[in-house]
Structures are given as structure tokens and as C-alpha cells.
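Contents: one structure, followed by commentary.
Proteins come first, then strands; the chains are lettered A, B, ... in the order of their sequence lines, and each starts at number 1. Being a predicted model, the structure only gives us computed values, none of them experimental.
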Protein chains: 2
Amino acid sequence: MESRCENCIIRQFNSLRAMSKEELKKVSDSKTTKTVKKGEPLFEEGDKLNGVYCVRNGVSKLSKLSANGKDQIVKLATKGEVLGQRSVISQESTNLSAIAVDDMEVCFIPKESINNTLQKNPNFTLEVLRHMAHDLKEADDVIVNISQKTVKQRMAEAFLYLKNNFGEDEDGFLSLTLSREDISNVVGTATESAIRIISEFKKKGLIHTSGKKIGIKDERKLLEMVEGF
Amino acid sequence: MESRCENCIIRQFNSLRAMSKEELKKVSDSKTTKTVKKGEPLFEEGDKLNGVYCVRNGVSKLSKLSANGKDQIVKLATKGEVLGQRSVISQESTNLSAIAVDDMEVCFIPKESINNTLQKNPNFTLEVLRHMAHDLKEADDVIVNISQKTVKQRMAEAFLYLKNNFGEDEDGFLSLTLSREDISNVVGTATESAIRIISEFKKKGLIHTSGKKIGIKDERKLLEMVEGF
DNA sequence: ACAATTTACTGATAATTATCATATTTTAAA
DNA sequence: TTTAAAATATGATAATTATCAGTAAATTGT
């Protein structure tokens, strides 16, 4: 496993690619590598972050606790994504928790390295800005989806999203296996409702399951459902 | 009315304050001032923007059309806010429409001025980044609110939001008067449902109305409702 | 000032979604 | 391996919210 940022392929997927060689060296010297086990937090809502986390492996859910005690998952972050940027940039405590959905391997980069580069390298700043602009656009889409689509449509969308972003295994199941509760927290519905819809989709031949694993059977019909047919 | 950016107070509220004198002069020379009448669009979903709009006066709703034909209002932008930034930065067409809720006065700043400064002035880029980080955080809050709160709670929240962000007039009505439909599009519900809840709040003495104007009567109870009591 | 149009409102009802209760299966721990 | 705990599943029911139909009020243009 390569341990120098200069040679890390992961970098190509995030804003760190806009750093200069020297900047990367500094980052690499200051970074630490951590493993986080499934279910453990990288950080929690309200924490003040002393740096960002670059995901090398595994998946993390970014979620926010609501007043009624339910979590809402706002994003699923995987290989190449940088977590905690927003908090470091705005120098506020995070509004989200990051919890490992898989076993993860992450690099922790102290905020000093980031802030330094932000102030000196406009290319890097611009790259971060582009990423954040993209995230914001996605967030707008999520808002519209949640408020204008039915739970059934959002469930269908969630499965397609999981397929497109995390792929399938050899047996045709979604590579990322979420608990029913996590699924309901992505979709923004009660766990029982999510389970019920999974059963319904199964009966209709849209998906198949095996334990908690879910596979997509009829992508077209799922897509039609999202579109509202 | 001052027409040079260098002397414009509005600037203090947005990222333009991080521009240098020379940069501001260039912006000022290239900008054009427009008035937009109530109901008219600044730009529409899918447009490619050739610049950003700095709001001098009035309020604009930023909304996105959903598949079922309803608009979702994602943000209400007022004096000092810069619209279209995201689109210009990511060089994509906008995902949102901006429509005047009031008569507006805006300055249009061609994207060249912005892009130039973004590449040369890290302070400016960082400032824009901070703003975007803030917007993203707010978007997360909206997501959690919509998915975890009831329509009634979101209505209560919307009224408090309008009071806190746009204030009240001499008679105790919210300064920003939205149509019932716009309110429902902010909250993410059917117009009839919004109207029904307004009637209910009125009966309970939480608000009072006069025509389409709405005033807050019992802020505390509204707050309690938002919190879930 | 008046007709035309849009917006606001109300009731009845249907559809969607959440909640509670409980059974079953799976997973983890002793 | 057995037991306990957690996750999944399903039914019954209640609560919430949307939709449709229709009336009243307000706004706009002439």
C-alpha cells in the first residue's frame, strides 16, 4: 500500500490533485493513516475538526440527527472523497456525523496543511470551490426529490443510486450493503415503511434480496417509477 | 443611488468585499444595472449564465421545477447576495431559476471579471468558498427539516424564518409578503395544505392575517411547535 | 367601475405514510 | 451451541397529507 500522497492514486479523484509537489510533500509528512471499523465514527455532529479525512477505502455515511431522534443520511462518501472540508474552511464545528458503513482506511490531514494551501494556491482553492459547488447542486436536487417525490419513488431512486455509485457484486447484488434502517435514513422515511416497500418491490420483480443484500432486477421499471409512471 | 462598486455598501455583505481596489474597478466598469419587475425571471433553470447577479434591492426566489410540475423554492435571496455564482464557477448551466418576488434592482457582473479574480486573488476565492460552505450547511439543514418534520412544523419554521430574515413592518406583518403558493413551495407541500394550516394557526392565535399579509402573534408557541411540543 | 382572471379558501374524500404491536429471522455473545 | 439481543418482517390502525370540486375574495386591465 503506497503511503506517500505524492504517489497516491486516490488523489486524482479529489481537490488534492491541484496541489503542487511541495505542498503534497508537506501534506504527506503531516498526515496520519487510520483504520475505522464498521459502525465507528470518524467524527460526530458538533465536533471541532482539526483536519480533513481523505477516504482511501470503505464507505462513510454523513448524517444529521433530527429533533425526533432519527438520523438523516445526507451523503454516502467513498474512496477519494474528502470529509470535513466544510467545517475546516468555515472554521465552525461540523453539522454532520461521519460513521463508517464499511471497515475504512482514511488519511487524516491536519487543517494547517489545508489552510496554508488554501491561502497560497488559488488553483487548489478553486478546485475545492468547484467540488463544493457540485455538492451544493446535488444538495438542491436532494431537497427537491425529498419534497416532491413519494417514498416509493425515492426508494427506487436510492437503489439506482447505489448501483451507479457503488456497483454490483458477481451475484448481481449491490456492492454496498446497507441496513434497512440506513436505507430508510437515506430515503427519509420510517424503517417499517422502507421494509414494506422492499417487500413490495420484491413481489413486483423489481429487485431480489438475500438476507440484507439487495439486487436490482428490473432497472427500467425502477427508472420509470422514479420519473413518475 | 451610488453606481460604482467601489463605493457600494451592498458589497460588504458578500464575497466581493475581498476584491482589491483595481479588481473592483474592473468589475464596476463591466457591470450593468438592471431592474427586474415582480414575477419576472433573472434567469431560468438550464440557462447558461454569462455572469452573476448582485442583488441591490428586492427579493428573488431560487427554485427548481420537479417532475410533477411543482416548484420547490430552495432559497430566498435578498440585498447583498450574489446569484449564479455556482453556475459560473462550475461552468455548467444553472440548476435553479431565479424569479423576482419583489421589484428588484440588480447588478449583472460578467463572468470574465469573476473568473479572472478567482484565478488571481486567493482571498476572494476563499471568501466565495466560505460563503458556499455556509450555503451547503444550510442546504443540509433544509434536507433534514423536510424529511423529518411535519408540514405543520415546517410552516411554523417558515414564518419564523421570514420574520428573522426579512423583518416586520410597522403593523406587525412580515415584511416579505409571499403568495400562498410560494409559501407552499418553500415548505414543500400542496398549496391547499399550506392554506389550511394558515387557517388553523390563525384560529389558534399563532398568527394573524390581512389579505395575503401574515403577522406573527405568538412566536413562542411557533417555536415550540418547530421543536416538536 | 366592471368584467375577467387569478388567488385564497373550505369541504369531502382518497392516498400516502407513520406508528404500534407482534412475529420471525439473523447476528452476536457467553 | 444455546441464549440473548438486534434486525427484519408483517398486520392493523391512526395520522398526515394530497387531490378534487367548488365557492368566495382579491387583483388586474380596460
Side-chain angles (χ1 to χ4, degrees), chain A residues 37-40 66-72 101 103 145-158 173-174 177-204 207-215 225-226 228, chain B residues 37-40 61 66-72 99 101-103 145-158 173-174 177-203 207-215 225-226 228:
Chain A
K37 286 204 189 113
K38 182 177 171 175
E40 286 178 354
S66 69
N68 61 42
K70 271 213 84 171
D71 271 323
Q72 174 67 34
V101 170
D103 288 349
N145 272 343
I146 288 198
S147 76
Q148 306 287 359
K149 288 186 179 155
T150 65
V151 173
K152 224 175 274 184
Q153 288 177 305
R154 272 141 55 202
M155 284 289 288
E157 196 160 45
F173 291 107
L174 295 170
T177 303
L178 295 175
S179 71
R180 304 298 195 242
E181 192 181 2
D182 278 344
I183 293 175
S184 77
N185 288 345
V186 168
V187 167
T189 188
T191 306
E192 296 96 322
S193 298
I195 290 173
R196 234 179 278 279
I197 289 171
I198 288 171
S199 302
E200 190 190 325
F201 282 6
K202 218 161 72 175
K203 262 186 211 149
K204 285 190 184 158
I207 61 175
H208 56 120
T209 68
S210 165
K212 51 172 54 179
K213 281 192 290 185
I214 292 175
M225 180 173 281
V226 173
Chain B
K37 284 201 191 119
K38 182 177 173 176
E40 285 179 355
K61 56 178 175 180
S66 69
N68 62 42
K70 271 214 84 171
D71 271 324
Q72 173 67 35
I99 294 171
V101 171
D102 271 334
D103 288 349
N145 272 343
I146 288 198
S147 75
Q148 307 286 0
K149 289 185 179 154
T150 64
V151 173
K152 223 175 276 184
Q153 287 177 306
R154 274 141 53 202
M155 286 288 289
E157 198 161 42
F173 291 107
L174 295 170
T177 302
L178 296 175
S179 70
R180 303 300 194 240
E181 191 181 4
D182 278 344
I183 293 175
S184 77
N185 288 345
V186 167
V187 169
T189 189
T191 306
E192 295 96 323
S193 298
I195 290 173
R196 236 179 275 279
I197 289 171
I198 288 171
S199 302
E200 189 190 327
F201 283 5
K202 217 160 75 175
K203 261 185 211 149
I207 61 175
H208 56 118
T209 69
S210 165
K212 50 171 52 182
K213 282 190 288 183
I214 291 175
M225 180 173 283
V226 173

For atom [atom1] of [X] and atom [atom2] of [N], their distance in whole Å:
{"X": "Ile214(A)", "N": "dA9(D)", "atom1": "CD1", "atom2": "C1'", "value": "13 Å"}
{"X": "Lys149(A)", "N": "dT17(C)", "atom1": "NZ", "atom2": "P", "value": "13 Å"}
{"X": "Ile183(A)", "N": "dA9(D)", "atom1": "CD1", "atom2": "C1'", "value": "14 Å"}
{"X": "Ile197(A)", "N": "dG11(D)", "atom1": "CD1", "atom2": "P", "value": "15 Å"}
{"X": "Glu181(A)", "N": "dT27(C)", "atom1": "CD", "atom2": "P", "value": "16 Å"}
{"X": "Glu200(B)", "N": "dT10(C)", "atom1": "CD", "atom2": "P", "value": "12 Å"}
{"X": "Ile195(A)", "N": "dA6(D)", "atom1": "CD1", "atom2": "C1'", "value": "12 Å"}
{"X": "Ile207(B)", "N": "dA8(C)", "atom1": "CD1", "atom2": "C1'", "value": "13 Å"}

Using a cut-off of less than 4.0 Å, is there contact between a side-chain N or O of [X] and OP1 or OP2 of [N]?
{"X": "Ser193(A)", "N": "dA18(C)", "result": "yes"}
{"X": "Arg196(A)", "N": "dA9(D)", "result": "no"}
{"X": "Thr189(A)", "N": "dA18(C)", "result": "yes"}
{"X": "Thr191(B)", "N": "dT7(C)", "result": "no"}

Would the distance check show the side chain of Arg154(A) and the main-chain N or O of Asn145(A) forming a donor-acceptor pair, the cut-off being under 3.5 Å? no

Is the side chain of Asn68(A) donor-acceptor paired with the backbone N or O of Gln148(B) at a distance under 3.5 Å, no angle test? yes

When you compare the side chain of Lys61(B) with that of Val186(B), does any pair of heavy atoms fall below 4.5 Å? no

Judged by nearest nucleotide, the residue sitting upstream toward the 5' end of DNA chain D, Lys212(B) or Gly211(A), is Gly211(A)

Which comes earlier along DNA chain D counting from the 5' end, the contact point of Ser199(A) or that of Ser147(A), where each point is its nearest nucleotide? Ser199(A)

Taking it one step at a time, do Ile146(A) and Gln72(A) satisfy side-chain contact (heavy atoms from CB on, under 4.5 Å)? CA-CA 11 Å; Ile146(A) 288 198; Gln72(A) 174 67 34; 4.1 Å; yes

Choosing from dA18(D), dC9(C), dT19(C), which nucleotide comes nearest the side chain of Ala190(A)? dT19(C)

How far does OG of Ser193(B) sit from CE of Met155(B), to the nearest 0.5 angstrom? 9.0 Å

Let me know, please, whether Ile198(B) or Thr150(A) comes out on the 5' side of the other along DNA chain C by nearest nucleotide. Ile198(B)

